[in-house]
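The block underneath contains the structure these notes are about, expressed in structure tokens.
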Amino acid sequence: MNTEELVEVVLPGKVEPEGLQIRRGAVPAAGPGQVVIRMEATGVSFAEQQMRRGRYYDQPPFPFVPGYDLVGTVLTTGEGVQPDLAGARVAALVKVGGWASHVLVDAADVVPVPEGIGAAEAETLVVNGITAWQMLHRKARVRAGQTVVVYGANGGVGSVLVQLARAAGAHVIGTASPRHHDALREKGVVPVDYRAHDLAAQIRELAPRGGVHAVFDHVGGHGIVDSWRLLAPGGTLVSYGSAATRDAEGSKQWPVLKLLGRVWLWNALPNRRRAYFFNVWAGRALARNRFRSRLRADLTQVFAALRRGEVTAQIAARLPLTEAADALRLAESGTVAGKVVLNP
């Protein structure tokens, strides 16, 4: 007899972190093709920071359970799922629903976590690792000897991105606040203060004369134009967010549409450079099996890089699920490096 109880965190509307609610209930049952994962680690991503403000461009209507990704053990399997999956430690990218003690997921969407990697370590690399790997290798196709610029080099995605870029043999210029510069230098990154009023000029001084091969920009806003101008011919700009508008009012779609418009225009010009607006979910609706196999392959590569020591799992803090409000506050404070992880 299963005596476990479901505990989940609910985002009821546009609220301060303290407005999050704890809800308890029955553990869900696995339907055909599904598994129930007993969560061991989930985390606070930038997406949740936007969602609580109603600013994430395709969030579901309130109320809902946030939580972009999770790592845990398969508790039960539904009809049509290999029974030996029960007991396996897996990771899943879910967009919402991860902030719960038990999460229902399609079995085809889980990725095995290799032996020897802890749940919290693995959690820091699910959405952040997939995003960093795909931007670096599938979009920008970075090679040894090239120079890349990473904005927010100490952040969740940025910290993984700089390590994967260094492992690929690239030279990395990274922006961050000065207190993170020594840690970046230890990773082989050339740091720049992101608050410098002539940021683009400072980066240009450090970059090769002809420009850089790739810029990874999570800030968006008007600064995206400076990012584009840093590129050498043949270079790639990968925009993957609009952090500049996190606290803005008005339409949540507009900053993204503006970015997409710029990207479309730049790609239409005959300038031998490329721009992408990266969305980890792109292609899922049209080719789900291809999306799943790519995600599985890429996350497997990231976990292998962790085991080789090319990437370290940066855990900023660990808090219990019921203290999600404190975790969100901490993640939003900008004072921590790495990922804030929630445990059951």
Side-chain angles (χ1 to χ4, degrees), residues 46-47 49-50 53 55-58 131-132 134-136 138-142 146-158 161-162 165 170-178 180 184 189-280 282 334:
F46 187 70
Q49 300 174 36
Q50 288 184 304
R53 295 166 167 83
R55 302 285 309 163
Y56 192 76
Y57 60 95
D58 64 346
T131 299
Q134 292 188 344
M135 292 195 303
L136 190 74
R138 293 193 183 272
K139 294 297 183 193
R141 302 182 184 276
V142 169
Q146 294 176 335
T147 299
V148 304
V149 176
V150 177
Y151 287 94
N154 65 296
V157 174
L161 194 47
V162 298
H171 305 291
V172 182
I173 300 166
T175 75
S177 61
H180 298 299
L184 288 174
V189 176
V190 179
V192 183
D193 184 355
Y194 80 99
R195 285 171 301 204
H197 81 101
D198 54 349
L199 180 60
Q202 286 200 23
I203 294 172
R204 207 168 273 111
E205 275 182 29
L206 297 167
R209 186 181 295 174
V212 300
H213 176 76
V215 179
F216 301 95
D217 185 325
H218 71 305
V219 182
H222 186 69
I224 200 83
V225 177
D226 290 330
S227 296
W228 175 252
R229 289 175 181 156
L230 288 168
L231 293 176
T236 304
L237 166 65
V238 187
S239 167
Y240 65 103
S242 52
T245 62
R246 184 186 76 176
D247 296 316
E249 294 299 320
S251 164
K252 60 176 179 270
Q253 275 84 19
W254 179 238
V256 174
L257 291 172
K258 215 151 77 170
L259 269 174
L260 289 171
R262 271 210 174 104
V263 164
W264 179 86
L265 181 65
W266 282 333
N267 287 334
L269 298 171
N271 54 34
R272 294 179 50 215
R273 294 175 288 181
R274 295 290 298 168
Y276 293 99
F277 182 74
F278 181 82
N279 171 12
V280 74

Could you tell me the separation between the [atom1] atom of [X] and the [atom2] atom of [Y], rounded to the nearest 0.5 Å?
| X | Y | atom1 | atom2 | result |
| --- | --- | --- | --- | --- |
| Y276 | L237 | OH | CG | 11.0 Å |
| I203 | S227 | CD1 | OG | 7.0 Å |
| R141 | H213 | CZ | NE2 | 9.5 Å |
| L161 | Y240 | CG | OH | 6.0 Å |
| F46 | Y56 | CZ | OH | 10.5 Å |
| L206 | I173 | CG | CD1 | 5.0 Å |

key: Row check, Y57 ring normal vs R55 NZ/CZ: under 6.0 Å, within 45°   =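 No, R55 does not lie over the aromatic ring of Y57.
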
message = Does R273 qualify as a cation-pi partner of W228, given the criterion of NZ or CZ under 6.0 Å from the six-membered ring centre and within 45 degrees of its axis?
response =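 Yes, R273 lies over the aromatic ring of W228.
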
Do [X] and [Y] have side chains that approach each other closer than 4.5 Å (heavy atoms only, starting at C-beta)?
| X | Y | result |
| --- | --- | --- |
| P208 | H171 | no |
| R274 | L231 | no |
| L199 | Y151 | yes |

ask   = Under the side-chain contact (heavy atoms from CB on, under 4.5 Å) criterion, do V172 and V190 qualify, and how do the steps go?
value = CA-CA 6 Å; V172 182; V190 179; over 6 Å; no

Could you report the tightest heavy-atom contact between [X] and [Y], atom names first, then the distance?
| X | Y | value |
| --- | --- | --- |
| Q202 | A196 | NE2-CB, 3.4 Å |
| N271 | W266 | ND2-O, 3.4 Å |
| L184 | A176 | CD1-CB, 3.7 Å |
| G174 | A153 | CA-CB, 3.7 Å |
| A170 | V142 | CB-CG1, 3.7 Å |
| V148 | A165 | CG2-CB, 4.2 Å |

message = Going by salt bridge (Lys or Arg N to Asp or Glu O under 4.0 Å), name the pairs with one or both residues in residues 202-213, residues two or more places apart or in two chains.
response =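 Every candidate salt bridge (Lys or Arg N to Asp or Glu O under 4.0 Å) pair involving residues 202-213 fails, so no pair, neighbours aside, qualifies.
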
query = Is the backbone N or O of T175 less than 3.5 Å from a side-chain atom of H180, with the two atoms forming a donor-acceptor pair by type?
reply =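 Flag not set: sc H180 to bb T175 has no pair under 3.5 Å.
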
ask   = Under the 3.5 angstrom rule, does the side chain of D198 hit a backbone N or O of A201 as a donor-acceptor pair?
value =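 No.
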
message = Evaluate F278 against S239 for side-chain contact (heavy atoms from CB on, under 4.5 Å), listing each step before the verdict.
response = CA-CA 6 Å; F278 181 82; S239 167; over 6 Å; no

key: Residues V238, T236; criterion side-chain contact (heavy atoms from CB on, under 4.5 Å); working and verdict   = CA-CA 6 Å; V238 187; T236 304; 3.9 Å; yes

message = Under the criterion side-chain contact (heavy atoms from CB on, under 4.5 Å), I'd like the reasoning laid out for L136 against F216: C-alpha separation, chi angles, the key distance, then a yes or no.
response = CA-CA 9 Å; L136 190 74; F216 301 95; 4.0 Å; yes

task = Could you tell me which residues satisfy side chain to side chain donor-acceptor pair (under 3.5 Å) with R229, sequence neighbours excluded, listed by chain and number?
result =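 R229: no side chain to side chain donor-acceptor pair (under 3.5 Å) contacts found.
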
